[in-house]
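The structure's right below; bear with me while I get my questions together.
Note that the numbering runs from 1 along the sequence shown for the chain. For ligands, and for the atoms within them, numbers begin at 1 and follow the listed sequence.
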Amino acid sequence: MYDVTEVRRDFPILSREVNNKPLVYLDNGASAQKPQVVIDAITRTYSQEYANVHRGLHYLSNLATDNYESVRGKVARFLNAASEDEIVFNSGTTEGINLIAYSWAMPMLQAGDEIILSVMEHHANIVPWHFLRERQGIVIKWVDVDSTGALDPQAVIDAITPKTKLIAITHMSNVLGTKVDVKTITQAAHAKGVAVLVDGSQAAVHMPVDVQDIGCDFYAITGHKLYGPSGSGAIYIKADRMKQMRPFIGGGDMIKEVSKDGVVYNDPPMMFEAGTPGIVQTIGMGVAIDYMMDLGMANIAAHEDRLRDYAVAKLGGLNWIQVQGTTPDKGAIFSFTMEGAAHAHDISTILDKKGVAVRAGQHCTGPLMEHMGLPATCRASMGLYNTEAEIDILVEALELAHELFA
Ligand code: PLP
């Protein structure tokens, strides 16, 4: 039985007030709050267990290395990767996708080759591909979502041509909450020799993920949305694809030997992790993943599905709110605009006065905003500690904003 009251006690920040009101934190899509176990792990590491990793032969270096390296197995289990050697640590999804752009796509793709993106990608899964377009003459092809915000997998499959080398696609939209059938897309892509990169920044927070079942080549996650520290993250890279990659950032730790005449690289995944890594951040991410897995990803998903259904009903009752993304197959992420309100920022400022934290703006999704014909939206994004009562407070605060703007 998922006891959200007990879960909330694990997050100290949730008991604070903002603007003299209890905090209602609905900005999880941007970054999630941290449970006490993660905060304790960070404090313990810095106060008792800190040293650089992979380098020293002394006690603390070995301890820090063991703690850090144990996270690789945790991420592998979290994503159901076949081996922990398929996990590369990084600072988050942005770095993970850039790694694939520089290390895999740049050497593997040639001018005229095509990359397929959906129109709802985050800039982190757009800009690295624009680099390839600008520098190597790669062609980007866009697939639209329908009026409910759903992405038809067949539309993605139909966009594949003999020139297509990669499909880079989100598993869950950070704006609409739309889930994408990445398994069907991957199966069709692989039948045509096309690689698939999945941006799991949002999906991995809200539902169980099995990269072997999906079959994708690359799957990116970001620690700060997974209730872990900022500056942590990982990317799953299928073993065969790793063999095709060239190192991107050079420096210590990613080499076995360096002489005046040359370099012998370390074996993957270390080959793709140059320099002193985010030691404490990664250890914190491991604890956050343990925390989520202890709660159970299926339990978290069921709780958030209840929140989604409750929010759909409540927001649906406000006929002056336009919710973007009405497909039923979505996570508990709600982007909306309000009739008469000057700008999404105005709404969020009113909500903030009531202690309700939402995000307003473009959410790093310029092409999606253009597709929807909107300058910006307000976004309420829920997480494992949110409650129906908090959705009621959101609705009350929206009613106040509506009165002010009507
Ligand atoms: N992709 C999606 C879908 C996101 O929501 C985000 C963050 O908002 C990112 C990528 C980028 O993640 P990060 O900033 O942690 O690298």
Side-chain angles (χ1 to χ4, degrees), residues 25-34 38 75 79 88-102 115 117-131 143 145 149 151 167-180 182 185 196-207 209 214 216 218-236 248-249 272 277-278 281-282 284-285 288-289 304 324-325 330-335 357-369 371 376-383:
Y25 189 76
L26 297 175
D27 194 18
N28 297 285
S31 203
Q33 300 299 345
K34 318 304 171 198
V38 169
V75 175
L79 298 177
V88 173
F89 291 139
N90 51 41
S91 61
T93 293
T94 303
E95 189 183 330
I97 296 177
N98 273 275
L99 171 72
I100 304 309
Y102 280 91
I115 297 178
L117 306 180
S118 91
V119 77
M120 65 184 162
E121 298 312 314
H122 186 281
H123 293 167
N125 196 24
I126 298 175
V127 182
W129 311 121
H130 272 309
F131 289 169
V143 180
V145 291
L151 181 72
I167 297 172
I169 202 138
T170 190
H171 200 179
M172 182 185 284
S173 161
N174 62 311
V175 176
L176 309 172
T178 305
K179 292 180 192 169
V180 176
V182 288
I185 292 170
V196 178
L197 177 147
V198 181
D199 176 352
S201 305
Q202 298 288 339
V205 183
H206 304 295
M207 61 200 225
V209 171
I214 296 168
C216 59
F218 313 105
Y219 194 100
I221 59 171
T222 201
H224 68 99
K225 295 187 205 286
L226 291 164
Y227 309 97
S230 58
S232 66
I235 186 158
Y236 158 80
F248 162 37
I249 299 178
F272 305 109
Q281 292 91 326
T282 304
M285 176 173 72
I289 285 173
E304 293 185 9
Q324 309 297 323
K330 64 177 271 170
I333 300 176
F334 294 88
S335 273
V358 297
R359 182 166 172 189
Q362 293 220 336
H363 318 293
C364 298
T365 56
L368 179 62
M369 292 293 145
H371 174 81
T377 67
C378 248
R379 179 185 68 183
S381 50
M382 288 142 209

Give me the residue, atom name and distance of the protein heavy atom closest to atom 14 (O) of ligand 1. Thr94 OG1, 3.6 Å
Can Ile169 and Leu197 be said to form a side chain to side chain contact (heavy atoms under 4.5 Å, CB included), step by step? CA-CA 6 Å; Ile169 202 138; Leu197 177 147; over 6 Å; no
Picking from Val88, Asn90, Thr94, what satisfies side chain to side chain contact (heavy atoms under 4.5 Å, CB included) with Leu99? Val88
Before you tell me yes or no, could you show the steps for Thr170 and Asn125 under side chain to side chain contact (heavy atoms under 4.5 Å, CB included), namely the whole-Å CA-CA distance, both residues' side-chain angles and the distance that decides it to 0.1 Å? CA-CA 8 Å; Thr170 190; Asn125 196 24; 5.6 Å; no
So Tyr236 and Tyr219, ring-ring contact (aromatic ring centres under 6.0 Å, His included) or not? Walk me through it. CA-CA 5 Å; Tyr236 158 80; Tyr219 194 100; 7.7 Å; no
Which atoms from ligand 1 have a heavy atom of Gln202 less than 4.0 Å away? 3 (C), 4 (C), 5 (O)
Near Ala124, which atoms of ligand 1 are under 4.0 Å from a heavy atom of that residue? 10 (C), 11 (C)
I'd like to know if the side chain of Lys179 and the backbone of Gly177 have a donor-acceptor N/O pair within less than 3.5 Å. no
Heavy-atom distances under 4.0 Å decide this one: backbone, side chain, both or neither, for His363 against ligand 1? neither
Side chain, backbone, both or neither: Lys225 near ligand 1, heavy atoms under 4.0 Å: side chain
Looking only at heavy atoms of Asp199, does any of them come nearer than 4.0 Å to an atom of ligand 1? yes
Counting each atom of ligand 1 from 1 as listed, which ones have a heavy atom of His224 under 4.0 Å away? 13 (P), 15 (O)
Do the side chains of Met207 and Met172 get nearer than 4.5 Å, heavy atoms only? yes
Run Ser201 and His122 through side-chain hydrogen bond (donor to acceptor under 3.5 Å, both in side chains) and show every step you take. CA-CA 10 Å; Ser201 305; His122 186 281; over 6 Å; no
Please state which part of Thr222 comes within less than 4.0 Å of ligand 1, counting heavy atoms only: side chain, backbone, both or neither. side chain
Nearest protein heavy atom with distance in Å, relative to atom 12 (O) of ligand 1: Thr93 CB, 3.8 Å
For atom 4 (C) of ligand 1, what's the nearest protein heavy atom and its distance? His122 CD2, 3.3 Å
